[in-house]
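Note that this is a predicted model, so its numbers are computed, not measured.
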Amino acid sequence: MNSIALFIDGLTKYNFLQTALITAILVGIMSGIVGSFIILRGMSLMGDAISHAVLPGVAVAYMLGINLLLGASIFGLLAAMLIGFVTMKSQLKNDTAIGIVFSSFFALGFILISMAESATNLHHILFGNVLAVSDQDLITTAIVLVVVVLFVVLFYKELLITSFDNTFARAYGLKTQVLHYGLMLILTLVTVTALQTVGIILIVAMLITPAATAYLLTNKMSSMIMIAATFSVFASVIGLYFSFTFNWASGPAIVLTAAVFFLLAFLFSPKQGIFIKKRAAN
């Protein structure tokens, strides 16, 4: 209880902790929103690929002194297009193309970051350090959240249709490829803004785990988005508490908290929980 009081006291005194908390909440909201569509579309592997593929973009942007979002977005979209190109122009399946592209991009990024940064900063990029978030990072995160919300609001019906039946969507005349790459761009933006909080290696877990938790609790898309965002926010806040109190890396703390929520839903979900199913069977 004392540690909670210290955390709350820290929030009232330290600007860096306030910035970290707000940023963690914003990242949690956007992760829940985008993650819900990634889960529905069966694109967890693609999310993993994009999250790793942005690393060389971050490195190049850092070395050139330009905005990290710009460099990461270019490499994220390039990775998505390369995966599509390899899949269409060869007999390789999509998951194989994803594995080749994301591992190659990640290896390149790792080398570039190692050349440009110290080992400590590399550790923060890979695993996150929400307590080091600046006011400028907070502003960037808020802007990206607005972009994410606008994208989902404007194209909600189209995203819903293509998520459930892409073939029907094409027959209906929807530009499925445009929507796909639009979602990839949004995913890339979320990935880059989540660098400071959870790090590149754990971003995909933050995108997938809260959304998967919500998937176990509801069959309605709008509810799934709200629940996923809520779990993401709680995981971010609780993870930040553990990071601040016990000096843990913020990324692992946040992701493990999200994993605990998933475990509880997996075991006790009213409709799909293992214990509930066993009780109903008996």
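Note that the CG atom of Leu70 and the CG atom of Leu64 stand 9.5 Å from one another [nearest 0.5 Å]. Note that the OG1 atom of Thr245 and the CG atom of Leu240 stand 8.5 Å from one another [nearest 0.5 Å]. The OG atom of Ser222 lies 9.0 Å from the CG atom of Leu160; values are rounded to the nearest 0.5 Å. Once rounded to the nearest 0.5 Å, the distance linking CG of Leu263 with CG of Leu256 reads 11.5 Å. For the atom pair CZ of Phe262 and OG of Ser269, the computed distance is 10.0 Å after rounding to the nearest 0.5 Å. Atom OG1 of residue Thr230 and atom CZ of residue Phe261 lie 10.5 Å apart, to the nearest 0.5 angstrom.
Distance alone, capped at 3.5 Å, places no donor-acceptor pair between the Ser163 side chain and the Leu40 backbone. Although no hydrogens or angles enter the test, the distance criterion places a donor-acceptor pair under 3.5 Å between the side chain of Thr19 and the main chain of Asn15. A distance-only check finds a donor-acceptor pair linking the side chain of Ser51 to the backbone of Asp48 [under 3.5 Å].
In terms of heavy-atom proximity, Leu185 sits nearest to Ser73 at CD1-CB, 4.2 Å. What you find for Ala72 and Thr188 is that their closest heavy atoms are O-CG2, 3.3 Å. Nearest approach of Gly239 to Ala253, heavy atoms of both residues: O-CB, 3.5 Å. When every heavy atom of Met184 is checked against every heavy atom of Met43, the shortest pair comes out as CE-CE, 2.7 Å. In this structure, Met30 and Thr193 approach most closely via the heavy-atom pair SD-OG1, 3.4 Å. Shortest non-hydrogen contact noted between Phe7 and Leu17 is O-CD2, 3.9 Å.
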Exercise for the section: Determine, stepwise, if the pair Val54 / Phe75 fulfils side-chain contact (heavy atoms from CB on, under 4.5 Å). Expected result: CA-CA 5 Å; Val54 301; Phe75 274 81; 5.5 Å; no
Exercise for the section: Assess whether side-chain contact (heavy atoms from CB on, under 4.5 Å) is satisfied between Ile39 and Met224, documenting all intermediate values. Expected result: CA-CA 10 Å; Ile39 284 282; Met224 180 179 173; 3.8 Å; yes
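Tyr241 and Ser3 form a side-chain donor-acceptor contact under 3.5 Å, judged by distance and modelled atom types alone. No side-chain N or O of Thr23 forms a donor-acceptor pair with one of Asp137 less than 3.5 Å apart.
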Distance-only criterion, 3.5 Å: show the donor-acceptor pairs between side-chain atoms of residues 203-220 and protein atoms not counting sequence neighbours.
residue: Thr209; atom: OG1; partner: Ala205; partner atom: O; Å: 2.8
residue: Thr213; atom: OG1; partner: Thr209; partner atom: O; Å: 2.8
residue: Thr218; atom: OG1; partner: Lys220; partner atom: N; Å: 3.2

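Under a cut-off of 6.0 angstrom, the local environment of CZ in Phe234 is sparse, with at most 12 non-hydrogen atoms contributed by other residues, nucleotides or ligands. Shown here is Phe266, whose CZ atom has no more than 12 heavy atoms of other residues, nucleotides or ligands within 6.0 Å.
Residue pairs satisfying the ring-ring contact (aromatic ring centres under 6.0 Å, His included) criterion with at least one member in residues 18-51, sequence neighbours excluded, are absent. Legend: ring-ring contact (aromatic ring centres under 6.0 Å, His included) pairs involving residues 84-104, not counting sequence neighbours, sorted by first then second residue: His52-Phe102.
Under a hydrophobic-cluster definition in which Ile, Leu, Val, Met, Phe, Trp and Tyr are linked whenever side-chain heavy atoms come within less than 4.5 Å, directly or via other members, Val153 and Met221 are assigned to the same cluster. In terms of hydrophobic clustering, with Ile, Leu, Val, Met, Phe, Trp and Tyr side chains grouped at heavy-atom distances under 4.5 Å, Leu11 and Ile4 are assigned to a common cluster. Each of Leu159 and Val178 belongs to its own hydrophobic cluster when Ile, Leu, Val, Met, Phe, Trp and Tyr are linked at side-chain heavy-atom distances under 4.5 angstrom. Under the 4.5 Å side-chain heavy-atom criterion for ILVMFWY residues, a single connected hydrophobic cluster contains both Val192 and Val190. Residues Ile38 and Tyr156 fall within the same hydrophobic cluster, defined by Ile, Leu, Val, Met, Phe, Trp and Tyr side chains chained together at heavy-atom separations under 4.5 Å.
The one candidate from Thr191, Val148, Val152 that meets the side-chain contact (heavy atoms from CB on, under 4.5 Å) condition with Ile186 is Val148.
Applying the under-4.5 Å side-chain rule to Ile, Leu, Val, Met, Phe, Trp and Tyr, the cluster around Val146 extends to Leu150. Residues Val86, Ile100 make up the rest of the hydrophobic cluster containing Leu92, defined by ILVMFWY side-chain heavy atoms closer than 4.5 Å, directly or through other members.
Within the 4.5 Å cutoff, the side chain of Phe105 has heavy atoms near those of the Leu82 side chain. Taking 4.5 Å as the limit, every side-chain heavy atom of Ile22 sits out of range of all side-chain heavy atoms of Thr141.
The aromatic rings of Phe155 and Phe151 sit tilted relative to each other, their planes meeting at an angle between 30° and 60°.
Remark: Thr162 pairs with Arg41 by the side chain to side chain donor-acceptor pair (under 3.5 Å) rule, at least two apart or across chains.
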